Amino acid sequence: MSARTTRTRLFAAATVALAALSLTACEGDGLNTGSPKPASSSASADESTGPSDDAKDDTGSAGSSGSAGKDDASGSGTGSGSGKNTGGDKDSNSGSGSDSDSDLPGKCSASDVRITAKNAPRPINHLLLTATNTGSKTCTLPQYPAARFGEAQSVPPVAESSKPQSLTTLASGESGYAGVRLSSGDGSAEGGREVSTLTIPFEDGSIARAELPSGGVHVDNDLTVTYWQTSAANALEY
């Protein structure tokens, strides 16, 4: 091969190498030119990651709404609790009144009670009244016997010192007692007279008749009765 041919081939090889270098440089310029794009993508990513103004507004609104809901729930709870307590007290008072009324015994009537009158052995000039429940139900006697001796237009006064703590209540077959001071005993009181009948009215308007001792009894203006008692001894202490 000649020297000229060799130079021609070397020149062609050099030309190809220069062309390749030029192409490489062009491609490198293209890569450098596109390098800012990742930064733009990063910024877009940051913008998408952070909450937008609309999102912030929505979040704030949700927070306010949640707070208001909490306050409303608190208020509702308080109101509901108060209502339950009030209703409970009312129902309790109503139930108690109904039970209490149903447990109370009725008032005694002349048809339920037999009354007897006997002279007391002591003190002298005293009468013992005995009221026995002949009915099947428990009943309560009046406070005291409104005794009417003979044709008297008024009933005798009651000895206030004999008042018990509660009314005398009689179960079926039980008895209550009342004492009667018939007269002064020494004849010093006015209005003395002999009587042979005794009637005792009850609160329902019925009237019981009690048989007096044989020959009747002597009464005067000292005539006094006691409250009904649960024992004969208490009835004769006054």
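Position 1 is the first residue of the sequence, and the numbers go up from there. As the structure is a prediction and not an experimental result, all values here were calculated from the model.
- By the 6.0 Å contact criterion, OH on Tyr177 is enclosed, its count of non-hydrogen atoms from other residues, nucleotides or ligands being greater than 12.
- In terms of modelled atom types and a separation under 3.5 Å, the side chain of Thr226 and the main chain of Gly179 share a donor-acceptor contact.
- Heavy atoms only, all atoms of each residue included: Gly176 and Leu141 are closest at CA-CD1, 4.3 Å.
- Under a 3.5 Å cut-off, the side chain of Asn133 and the backbone N or O of Glu174 do not form any donor-acceptor pair.
- Across every non-hydrogen atom of Ser206 and Ala110, the tightest pair is OG-N, 3.0 Å.
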Side chain to side chain contact (heavy atoms under 4.5 Å, CB included) for Glu160 and Val158? Distances and angles first, verdict last.
CA-CA 6 Å; Glu160 289 297 334; Val158 62; 3.5 Å; yes

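- Residues Pro213 and Leu127 meet the side-chain proximity criterion, which asks for heavy atoms closer than 4.5 Å.
- Between atom OG1 of residue Thr132 and atom CZ of residue Arg114 there is a gap of 5.0 Å, rounded to the nearest 0.5 Å.
- Rounded to the nearest 0.5 Å, atoms CD1 (Ile115) and OG1 (Thr134) are 10.5 Å apart.
- Residues Asn125 and Arg181 are in side-chain contact: their nearest non-hydrogen atoms beyond the backbone lie under 4.5 Å apart.
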Name the atoms and distances for all side-chain donor-acceptor pairs under 3.5 Å in residues 229-238, with sequence neighbours left out.
| residue | atom | partner | partner atom | Å |
| --- | --- | --- | --- | --- |
| Gln229 | NE2 | Ser162 | O | 2.6 |
| Gln229 | NE2 | Tyr227 | O | 3.2 |
| Ser231 | OG | Asn234 | N | 3.3 |
| Ser231 | OG | Asn234 | ND2 | 3.1 |

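- You'll find the side chain of Thr224 stays beyond 4.5 Å of the side chain of Pro156, heavy atoms only.
- When hydrophobic clusters are built by joining Ile, Leu, Val, Met, Phe, Trp and Tyr residues whose side-chain heavy atoms come closer than 4.5 Å, directly or via intermediates, Val225 is grouped together with Phe202.
- With hydrogens and angles disregarded, no donor-acceptor distance shorter than 3.5 Å links the side chain of Arg148 to the backbone of Ala146.
- At a cut-off of 3.5 Å, with distance as the only test, no side-chain donor of Thr130 or Ser175 sits close to an acceptor on the other residue.
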Val219/Arg193 under side chain to side chain contact (heavy atoms under 4.5 Å, CB included): CA gap, chis, key distance, verdict
CA-CA 6 Å; Val219 298; Arg193 61 194 184 279; 3.7 Å; yes

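- Although no hydrogens or angles enter the test, the distance criterion places no donor-acceptor pair under 3.5 Å between the side chain of Ser161 and the main chain of Ala159.
- Residues Ser184 and Asp220 share a closest heavy-atom pair of N-OD2, 3.1 Å.
- Atom NE2 of His218 is separated from atom CG of Leu182 by 9.0 Å, given to the nearest 0.5 angstrom.
- Leu212 and Val113 fall within a single hydrophobic cluster, where Ile, Leu, Val, Met, Phe, Trp and Tyr side chains are chained together by heavy-atom contacts under 4.5 Å.
- The side-chain heavy atoms of Ile200 and Leu129, taken from C-beta on, include a pair separated by under 4.5 Å.
- Linking ILVMFWY residues whenever their side-chain heavy atoms come closer than 4.5 Å, directly or via other members, places Leu223 and Val195 in the same cluster.
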Quick one: side chains of residues 163-173, donor-acceptor pairs under 3.5 Å with protein atoms, not counting sequence neighbours, listed by atom name and distance.
| residue | atom | partner | partner atom | Å |
| --- | --- | --- | --- | --- |
| Thr168 | OG1 | Trp228 | O | 2.9 |
| Thr169 | OG1 | Thr140 | OG1 | 3.2 |
| Ser172 | OG | Gly135 | O | 2.6 |

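- For Thr199, the side chain to side chain donor-acceptor pair (under 3.5 Å) criterion is met by no residue, not counting sequence neighbours.
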